[in-house]
Structures are given as structure tokens and as C-alpha cells.
Amino acid sequence: MNLEDILQEFVNFVEPLNWFFILYFLIVNLTYIVLVFVSLFYIKKQEKYNKVFNLTGLFQSELYAPVSILAPAFNEELNIIPSVEALLQLQYPDFEVIVINDGSSDATLERLIEHFELYTILTPKKLKLSHKPIKTVFKSNRYPNLKVVDKVNGRKADALNAGINISTKELLCAIDADSILDPDVLKKLLKAFVEDENVVAAGGIVRIANGCKIEDYIVKEVGLPKTYLGRIQAVEYLRSYLFGRVGWDYLDSLLIISGAFGVFSREAVMKVGGYLHDTVGEDMELVVRMHRYYRERDLDYRIRFLPEPVCWTEVPEDWSVLGRQRNRWQRGLADTLWRHRKMLFRPKFGRLGFMAMPYFVFVELLGPIVELFGFAYFFIVILIGSLNATFTTLFLISAILLGIILSMSAVICEEFTYRRYPSVKDVLMLSFYAFIENMGFRQVHTMWRFSGLYKFLRGDKKWGVMTRKGLESNDSESVNRKKTKEELIKQLKSAGYWSVVIIIPILLLLLVYSSVVEQGYAPNIFKIIGDIAQNL
Amino acid sequence: MLAFFQTQHEISIQLLWLTFLILLVFTVVLLVGSMYMRWRHRIIERKVEHYTAYFYPIVLEYLETGGKEDDILRHFKGKKIEYAVFEKVVIDLVNQLQGEDANKIRQLLFIDPIFEYHVKQLDSRSDVARVKACNYFSYIRLVNFRVIQKLRHMVRDKNRLLAFSAASALMGSKKIEHREYALFTLSKRKRISEMALLELLFKFQYQHDDQRDIEAKSLRKIILSADVPSDNVAILILGASEIGYFQLSELFYKLLLSKERKWNITSIKIALIRAQGYFYNEEAAPYLRKMMDSRKVSVLKPTAEVLSTFGGDENDQKLFEKIQGNNEDLDFTIMSAMVRSGYKTDSIIERANIKNKVYLNTLVEILKHEPEMNQ
């Protein structure tokens, strides 16, 4: 049996699934389009509300809801000082900052002790949530509202639990230590708790800090990232937050609050038992568990997403790091959905059980399998030439156009409301990346997600190393690397990813060209070249 | 058969062509749309800049020369944006200036076109427009009869933000019955947040003290009403005490002693205990000393704080009596409450009858650095 036969066998095997693919494609995109429409109107309404709803007297009172900001830090020596300094400058009347040094092996703790003049206080004995042992609790001489917890490494969820135990305020704000919060972010996010006393958790939008001008850990000027991967992620984040989460919030079925920035009622977190240790998707898991807890007990509650309060974060601009991140996200998603599979199609969970959970299972979780099969099928069909080129081209281009439309809708949502990117050039650039994202990057991304799913099935719960450049040090200081074997493998992998990104658009162009030739609208250049070569 | 498949194939290709064309048009529309929005926004921004630069000197001249409102009106050409920018300029200046100058400029907000525009907006179908109008009336604190009727209607609206904004605007009225109506209506709602209710209570106070007595009367009526949910009653008691309505101190004391079920709900009880501390009502001390025998830590804590605020031998004796050295939770709660009310940690340790030194040292260390921990 030669290769062509094997490929033909595969095509014969997948052929009956054609309608399944088309149906899946239609359902997924229909869901997206519904979310886009809902979001476009809902986000505008929210923006208008935020403009007109001002709290004044509230902040004169001493009875507002105080907030504990929890910032877990693991090997963050590059960013930790400016990041904590910025947190301490937030505009809010009553808050404390708790930095949890999660067993860093670098100088994170030393830098904190030195800079904030930390002194030891006694570790409280009775701790409600379990986590790896706390070594020391510090308080700052310079800032009375700063505490630092030094503990044995146990990953982010474990560190957050330690922070929750030490916290004393009514609300908890969980962030990443390298997140940059807009100075008025707490005031804006707390509106959710003012509007509705049943709100137990609320998340804000996470935007990309790469490319922004940052001074004293405050974003002074918004700009687009300068790299391909950074820009692609700028579009992705806009899409994910501005029409994904806004839409789910409208449908009261929000399942994720980003680990980079979310505010929770301390009481609610305690009730559900804090963060789960043995998962890599602790942020989503906590939110889903909250839903489950409240719905099972028929209690009134709400989990909100507000698109106005902004948290800025550094995204990876390196293929390997990004791949590991996406792989982890997929494993976290799979883990959460598996743990809470009982919520699926159960009337008790309402829209969550019949809309949000099925969407996450069939689109987000199993999507990579279907997409990968689809890509492979198309590729092989083209390779063995058993499908009409016009049909294939049109279908592929339509799929890509749909992807572009969805991303463009996020860009238009942004234009419609917040316009954080200042220049027309930025908008054009975002539109361009919304276009090219679907050719190459999307396929690589599908592969990462597929690999994440596979690793989940094999029981891999590793976090994966996340290297950061440091937001205020994008200069030569950090670029002093040795060419090790690892580095070489990393570069080879990058080259592989780049080749996919380059080859797929070329293939697509070839496909378009061959269908044009098939229709007789253009001469077959390859044939002409072949003839010339033969004559020569 | 072959012909059938060929036809099917042709139809599917035609359908795909159609889909492709629709999607292509849609993509172009979105691209052009986002560009158009940016362009439109820029034009509006420029107009705002233009009118801001135009109105600032006019308003400043009005302030310096003591001109009339009618003179200002001549500068308007009837465009909506002019009034919006003008309003913003005036509010900016009012916020920057103080005293008479601010008051004089504030008068410009009452000019007919702006006032009438906002009155009209109260009838708008859009909730956002109505909230905006409410904010305007809340800001100028002038509410006439026509506006009051509309606002009173809106306070009952299902949209809580709108109801809240209308209530805030009604708080601008000099007449207590309107403010009372707004506060009462909102207090009766079950799902209103603590923050929102407190904010309203702060706005409920009129700028001048001459209304203090009637305000207290109104608050008494609302707090005693059976229609107000207990959680809201607790917030109102706490807020009224914090603001300092001394006229209510006697009522709160009576309610504290009351055996009626409603006044013994934990949230209300805590609010009433704290109220005794805010009003420094030492008459409540014997009762509070009895309360120290309660098993509820949530009640013990405010009670201990209030008793420590009062001070005195009897109260101290009761507090130290409860620090027994065998219940860390209880001991810490009382000791931290005492520290919060001004006691020195060392003096507490000296008098406390705790024999276990390790236990004692632990509490001392926590108290030194963390008076608020484990609340």
C-alpha cells in the first residue's frame, strides 16, 4: 500500500463525516455571531451606564467595602518592586496589598524585604484554607497596608489560598504579580458590587501591555505590540473579552474570570473552600465551583464581567512560551469541565447547563480535535486532488472570512466604546492582524490546544515555565543568552512555527489560483513554465 | 444519476459563492465601519475642543463683568453639542472655583435651554438619557414641582440604577417629604446594596443643620417601618449613627433593650450595639455587659469595642473577666477590640489573668502588629 492509497483510505473514512463538519462549522459560527450581536449592544449600554453612574458620597463614608489585593509572586525579581509600588498607589480608600512569595528561587523576597523595610510578624495559627506551610509573614515599615507572605512553593492556587487566609478585608482582588492595574480600576470594578448586592465575583478586561509606554508601572501611552505574536494576541484578547465574556455576562453564564485580575467576595470564596491546588486552571475552576455551589443550593448570586476596568499584562512573544501557555490553558479547561461534568445538561443549572457548559465542552474543549481533522482532511484532499478546487477554495475562504469577521467585530466593539488604541494606524494594524491570524497562527494554535487535551488525558498537570522580559526592561540588558542546546531546540521549533505561518497563506494563494485556472479565468502558469522548460 | 450529482455540486458551489460574497461584503463593511467610527469620533472631539475653547472665555467674562444669563444665550446657535459642552465647561469651573464665584457660575446651569433639555430627557425612552438627566438634577440640587413628579415616578422603576439616580436627584429637594419618599422607597427594596443605601443616606442630609430634627423624624419612621427589610434597617441604623443623628440615640437604646424578635436579628443587634458606641451612650453599659455573655463572636466583638470605648472599672472588669486564657478566638476577639478602642496592648496583658506564657506571647505578638487580624 503506497502513501496515496493510505491518504485515499483516510479520505474515504472521513467522507461520511462531511456533513458533521459542516454542521459543526455552522453551529460554532452561529454561536459566535449571536455572541457578537449580543455583545455589541450590551457593551455600548454598559459604557453609557459607566459614564453616567457616578459614586460620590459613597467614598466619603467609612463604611465602603474594603479590598485585599492578593499578588502571588514566583521568581518575579525583575518586576516585583515597581509592580507592588504601583499597587500601593491605587485610588481606593481602604485596601491592603498581600504579596505571596511562592517559594521563589531568585531574589524576589530579598528585594521585597530591602525595598519595603519588612519586619516579621507572627503567623496566625488557625487558617481556614489549606496550603503549603507559611514560613514567615512580614509587614512593611513604609506602608502599613502591605503584607508579604513567604511560603513553600505550591503554585498559584496554593499561594492565593495562603493570601486569603492572611487577608482581613471583605473583598479579595486576585491578580498576577506582574499585572499592571489602571489606578482607578478598583473603583470601576466595585461598581458591580454596588449595582447588585448578590454579586459574588467580578472580572475586568485584561489588555496587552507589550508595546505600551509604561512609567512607574502605570500605562502612560497605549500602543500595539511590536511583534507578530504580540499583535495576534492583541486581536485575540480583544475578541475573547469584548465579545466573548461580555456576551456570556449578558447571558448570566460567565464561566471564567481571568487569574490576572478578578474581585471576589471573601465570604463566597471561603464558602466554596478557596482555590483548588491540583489544577492548572484554578481561575476558571473557582468560578465554575461558585456557580455550582450557589445553584445547587438555590441561592441568589451573580458573577459579572465589566469591560471598563483594565488590567494590563505582559504576553509571551516567544513561540515556545506561548505554546506552553496555551497548552496549559487547554489542560485547565479540560480539568475544570471534567470535574464539573455533572453540570452539563442539568435543568438545575439553567443556561449554564444548557448553553455555557455545552459551548465550552463542544467548541472550546473538543474544537481542536474537529478542527485538526478538518485541516488534515482538506490538506489531504487537495494533495490527492480528489476534490473540486473551486469548492475547496470557496469553503476555506468562507471559513477564514468568518474568522476575520469575528475578530473585526471585536475591533469594532473597541472602536464603538473604549478606543484605547490611539491612532488610525493601530486600528488598521489590528484589522490586518485579524485577517492574517486565521492563516497559519490559527492552525498552530489548534495544534497547541490539541496537544494540551492529549496531555490532560495523560494526566499532565505541570504548569510550564513562563519566562518574562520584564515590562520596563525591554532593552539589551535582558538579552544576554548563551546558545545552549535548549536554545537551539527552541529556535528550531520557532522556525517550524514560522514555516507553518508562511506556508499556509502560500498554499491558500495557490489554491485560489488553481480554482481561477479551473474556471478558465487565467492561464496555467505552471503548465506554461513546464512547456518552456521542455522546449529548452 | 450523474446529472443529479452534478446539479447538486453546482448548487453547493453557487451557495458557497453567495456565502463568500456576503461574508466579503460584511468584512469590508466592518473594516470601513471601524474607520468611519474613528473618523466620526475625531470630528466630535474637534467640535468639543472648538466649543470648549469658545465657551471658556465667555463664562469667565460673565464671571468677571457680572453679565446676565441672557447675554450668554446669544452665543448659542441651537446645536445640541453646544449645550452639552457648555454644561461641561460650567461644571468644570464650578469644581475648580469656590464660594461666591462657584455659586454664580452654577447659576448658568439653570439657563432655560439646558434646564428644559434635561426636563425633556426625563421623558426619554432611554434609561441612560434618564439617568443622565437625574444626575444633572442631582448636581444642581434644584428640583421644581414638574421635575419632582417625574422623579418620584422613577424612584419606583425596575431599573435599580435609574431608581437610585432619581432618588439621588430627589435628595436635592429642600422639602423633607420628597427626600423621605426617595429614601423610604429605596429602603423597601430587597435587593439594594449596602453601598447604594449608604450613599443615599449621606445625600439625605440637607446642607443646613436646621433640618436635622425633621430628618431624624423621617429616619425614625423608615427604621420602624415593617416594610423595610431587616438588613436595610441595620444599614440605616449604622449610617444614621455614624452621621450623628443624636435625636435617634434614645430610640436606638430602646430598640437595643427591646425583646421584640425584629430587633434581636443579629445584623440589627450589631448595628444597635455599635450605635451606642457612636453616641457614647453609657446608659447602655449594664446591658452591654450582659451581652458579653453571648456566645456569638459576631456580637461579642462590637460589644467589647463599645465597652472599651466607654472605659471605667465595671466595664474593664467584665472585659478582663472574659479573657480567660483558654479560648484563643474569644480572647483575641476581646483583646483586639480593646486595642482598636485605644487600649495599650501591654496594659491589657498586665491585667489579664493568663498563666500560659507561650499563649500570652502569641497574643501579644499578634496584637502588636495585627490589631485587625482575624476579625
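Below, chain A is the first sequence line, B the second, and so on; all start at residue 1. Below, all heavy atoms of this structure are taken into account, side chains as well, without hydrogens, waters or symmetry copies.
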| message | So, using ring pair (Phe, Tyr, Trp, His ring centres under 6.0 Å) as the criterion, who are the partners of Tyr36(B) when residues are at least two apart? | response | Trp39(B)
| task | Against chain A, label Asp231(B) side chain, backbone, both or neither, depending on which of its atoms sit under 4.5 Å from a heavy atom there. | result | neither
| task | Determine whether more than 12 heavy atoms belonging to other residues, nucleotides or ligands lie under 6.0 Å from atom CZ of Phe435(A). | result | no
| remark: In terms of heavy-atom contacts, Ile405(A) and Leu30(B) come closest through O-CD1, 3.5 Å
| Nearest 0.5 Å, what's the CG-CZ distance between Leu31(B) and Phe432(A)? | 12.0 Å
| Given that the side chain runs from C-beta out, which part of Leu24(B) has a heavy atom under 4.5 Å from chain A: side chain, backbone, both or neither? | both
| Checking Arg40(B) against chain A: side chain, backbone, both or neither under 4.5 Å from a heavy atom? | neither
| Going by heavy atoms in the side chains, are Met37(B) and Val427(A) under 4.5 Å from each other? | no
| Within 6.0 angstrom of Phe26(B) CZ, more than 12 heavy atoms from elsewhere | no
| field | Any residue meeting side chain to side chain donor-acceptor pair (under 3.5 Å) with Glu415(A), in chain and number order, not counting sequence neighbours | value | Arg38(B)
| request: Kindly compute the distance separating OG1 (Thr19(B)) from CG (Leu26(A)), expressed to the nearest 0.5 Å. | output: 9.0 Å
| Atom pair CE (Met408(A)) and OG1 (Thr27(B)), whose distance is rounded to the nearest 0.5 Å | 7.5 Å
| request: Inspect the surroundings of CD in Glu267(A) and state if more than 12 heavy atoms from other residues, nucleotides or ligands are less than 6.0 Å away. | output: no
| note | dist Leu430(A):CG -> Ser34(B):OG (nearest 0.5 Å) comes out at 9.0 Å
| remark: Whatever's closer than 4.5 Å to a heavy atom in chain B on Ile404(A) counts as side chain
| query | Heavy-atom count around Arg142(A) CZ within 6.0 Å, excluding the residue itself: above 12? | reply | yes
| task | Answer with side chain, backbone, both or neither: which region of Ser423(A) has an atom nearer than 4.5 Å to a non-hydrogen atom of chain B? | result | backbone
| query | Roughly how far, to the nearest 0.5 Å, is CD1 of Ile397(A) from CH2 of Trp17(B)? | reply | 8.0 Å
